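The structure appears below as structure tokens.
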Amino acid sequence: MHRRALPLLLFLSALGPVVLTAAWAARTVPALKGFGVAGAAAAVSSLLAQNALVFIGILVLLGSRARPVERFVGLDRMSRAHRPLAVVTLCLLLGHVGLQAVRFYSLGGAPLAASALLSADLWEMTAGRLALLLLLLAAGSAVLGRAVRVPFRIWKPVHLMAYGAVPLGLAHALFRGTTMAEMPRVFVWGIVAGVFAGASMMRLVAVLRGRERVVCRVERVMPETHDTVSVVLKPLKGPGRLANRRPGQFALLRLPAGRGFGEPHPFTLSGAPQDEVLRFTIKRIGRFTSKIHGLSRGDRILCEGPYGVFCADASRRSSLALIAGGVGITPFLSLLRHFRATGRAVPAVLLYANKTFGDIIGREELAAMTRTMPLRVVHVLSREEGPDDHPEDGPGVSFERGHITAETLRRHLRSDQAFYLCGPPAMQTAILKDIRAVFGLSAGRVSRELFFW
């Protein structure tokens, strides 16, 4: 990921709410003394609704997988930001409705509140209610889809109803709100409308052209360890965008379900980007991965991608510090295989944590790479008593017992290297603390692959 891309995206995302809040404060604060309960409720309700509308636009942008954003930020970060922002947005909207109820109740009691909030006489009020309903349906479908395993092909179309909430919400705000047509609010609404239109169009074009989604045939399933296999796929009608994949990127895999394909699951492409086939190295940890392990030659899989920005700048670095845990080795396998295929390897040290010898993925291949590339591999095994001496792996490979600790980092790595980290969340948290303690590097200086599905 470009190191300035995420801060820039956060700045731009916050700019709308900051402008709206500042404009609201400039208009509202001087008049606070004259506000009663109804006036105060109306003012705060308006602020909540305005910010929620901006957040809805951002949610659509994040959910659309828009290439101009994804190529710099990564789908993993977009997805992780989408969920908490959706919760915040719904809370703002419910707060807006609740304060409007307080406003009208204070003015005329329950009859006026019910009439104002439920009457269908004003189309702009109906538009607002429909926008909120669509968002509630979108959120509820996603929650139910994961909580009670509603089939993806059923809940996903309902979730996509959120796209309709933006034009309905804008119509409600512009025709019902008393200050929405004032500057600088109009400028913000123009940006929200433009972002929505652009993101929707890009997503529609991507789906219609089908370049991101390719149907593949399973060529072979190769055991890597006792619980990990590599699945090799061959696109049936060309690789589409996957032909331009970079080392360390991932794709979304879907297995056949009903008349189509089921829910997408992300897996890193572990092969070199130059390969004509697509290779995924997958550990069995649940129902979906168990089905992957049971695939046979000739089976069909829908593959969508590529996504992600992990390792995107690794080829331009002078020296690499690669830290992996378990199946977190996959993006580094892709990167190292890319170096081997191009003959332009960057000097690297790989710290690879596993429980036992039997858990190491690609042990022989890594050892072979150390003989032809500027690569040093350190295997750190937590459940082996004596892993120190294994000359068959060559002088570029060493073994240590225990876990990757601050002392491990100090012995093998340097502060001037570019750090890349991929592994379970708990491992990442611990190692980030050790990197800061040993080298004084903040988490922002370490490129990480985030587990997000």
Side-chain angles (χ1 to χ4, degrees), residues 1-7 74 76-77 80 247-248 268 309-336 339 345-356 359-363 366-367 369-370 373-390 393 395-451:
M1 176 183 64
H2 194 292
R3 295 195 180 277
R4 297 180 181 177
L6 186 58
D76 51 349
R77 287 168 175 81
R80 287 167 66 92
T268 300
V309 294
F310 190 54
C311 298
D313 58 351
S315 298
R316 300 191 296 270
R317 301 291 184 168
S318 59
S319 183
L320 306 177
L322 312 177
I323 307 172
V327 77
I329 190 67
T330 50
F332 301 140
L333 286 175
S334 175
L335 178 65
L336 295 172
F339 286 160
V346 177
V349 177
L350 169 63
L351 302 184
Y352 186 18
N354 282 289
K355 295 177 181 178
T356 67
D359 295 313
I360 300 175
I361 299 171
R363 175 180 172 181
L366 290 171
M369 287 179 178
T370 64
M373 296 164 51
L375 170 68
R376 185 160 58 90
V377 177
V378 181
H379 293 288
V380 183
L381 306 176
S382 61
R383 296 185 183 178
E384 293 287 354
E385 293 299 325
D388 301 37
D389 186 21
H390 287 272
D393 287 85
V397 181
S398 60
F399 293 82
E400 298 183 3
R401 63 172 62 89
H403 300 273
I404 297 177
T405 63
E407 182 57 33
T408 312
L409 301 176
R410 186 178 290 108
R411 283 199 309 273
H412 298 290
L413 305 179
R414 307 187 313 271
S415 61
D416 63 337
Q417 292 177 298
F419 283 73
Y420 296 83
L421 173 61
C422 185
M427 172 191 170
Q428 291 199 28
T429 300
I431 289 180
L432 286 174
K433 292 181 180 178
D434 289 338
I435 289 175
R436 175 183 284 275
V438 175
F439 303 114
L441 301 178
S442 66
R445 297 283 302 278
V446 180
S447 297
R448 292 181 290 153
E449 181 73 297
L450 304 175
F451 295 179

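Quick caveat, the model's predicted, so the values are computed rather than measured. For the single chain, residues carry numbers from 1 onward in sequence order.
In terms of heavy atoms, His403 sits closest to Ser382 at CE1-CB, 3.6 Å. The minimum heavy-atom distance linking Phe310 with Ser447 is given by the pair CE1-O, 3.3 Å. Among all heavy-atom pairs drawn from Cys422 and Glu449, the shortest one is SG-CB, 3.6 Å.
Not counting sequence neighbours, the partners of Val346 by the side chain to side chain contact (heavy atoms under 4.5 Å, CB included) test are Leu320, Phe339. Among residues two or more places apart in sequence or in another chain, the salt bridge (charged side-chain N to carboxylate O under 4.0 Å, His left out) test is passed with Arg411 by Glu400, Glu407. In this structure Arg363 satisfies the salt bridge (charged side-chain N to carboxylate O under 4.0 Å, His left out) test together with Glu392, Asp393, sequence neighbours excluded. Checked against side chain to side chain contact (heavy atoms under 4.5 Å, CB included), Arg436 has the following partners two or more places apart in sequence or in another chain: Ser442. Evaluation of the side-chain hydrogen bond (donor to acceptor under 3.5 Å, both in side chains) rule for Arg383 yields no partner, not counting sequence neighbours.
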Item to complete: Would you check, one step at a time, whether the test side-chain contact (heavy atoms from CB on, under 4.5 Å) holds for Leu335 with Leu333?
Response: CA-CA 5 Å; Leu335 178 65; Leu333 286 175; over 6 Å; no
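A heavy-atom distance below 4.5 Å is found between the side chains of Arg414 and Ser319. A 4.5 Å side-chain heavy-atom check between Ile431 and Val446 finds every atom pair outside the cut-off. Inter-residue side-chain proximity for Asp313 and Tyr420 is flagged as met; some heavy-atom pair is nearer than 4.5 Å. Counting heavy atoms from C-beta outward, Phe419 and Leu413 have side chains that approach closer than 4.5 Å. Within the 4.5 Å cutoff, side-chain heavy atoms of Met369 are placed close to those of Leu375.
How far OG of Ser334 is from CD1 of Ile329: 11.0 Å, rounded to the nearest 0.5 Å. Taken to the nearest 0.5 Å, the SG atom of Cys311 stands 11.0 Å off from the CZ atom of Arg317. With values rounded to the nearest 0.5 angstrom, Leu441 atom CG is found 12.5 Å from Asp434 atom CG. Atom CG of Leu366 sits about 8.5 Å away from atom OG1 of Thr370, to the nearest 0.5 Å. To the nearest 0.5 Å, the span separating OG1 on Thr356 from CD on Glu384 amounts to 5.5 Å. Residue Phe439 holds its CZ atom at 9.5 Å from CG of Asp416, rounded to the nearest 0.5 Å.
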Cut-off 3.5 Å, no hydrogens considered: what does the side-chain donor-acceptor table look like for residues 348-355, sequence neighbours left out?
{"unit_1": "Tyr352", "atom_1": "OH", "unit_2": "Gly326", "atom_2": "O", "d": "3.1"}
{"unit_1": "Tyr352", "atom_1": "OH", "unit_2": "Ile361", "atom_2": "N", "d": "3.2"}

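No option in Thr408, Leu421, Leu432 other than Leu421 meets the side-chain contact (heavy atoms from CB on, under 4.5 Å) test with Ile323.
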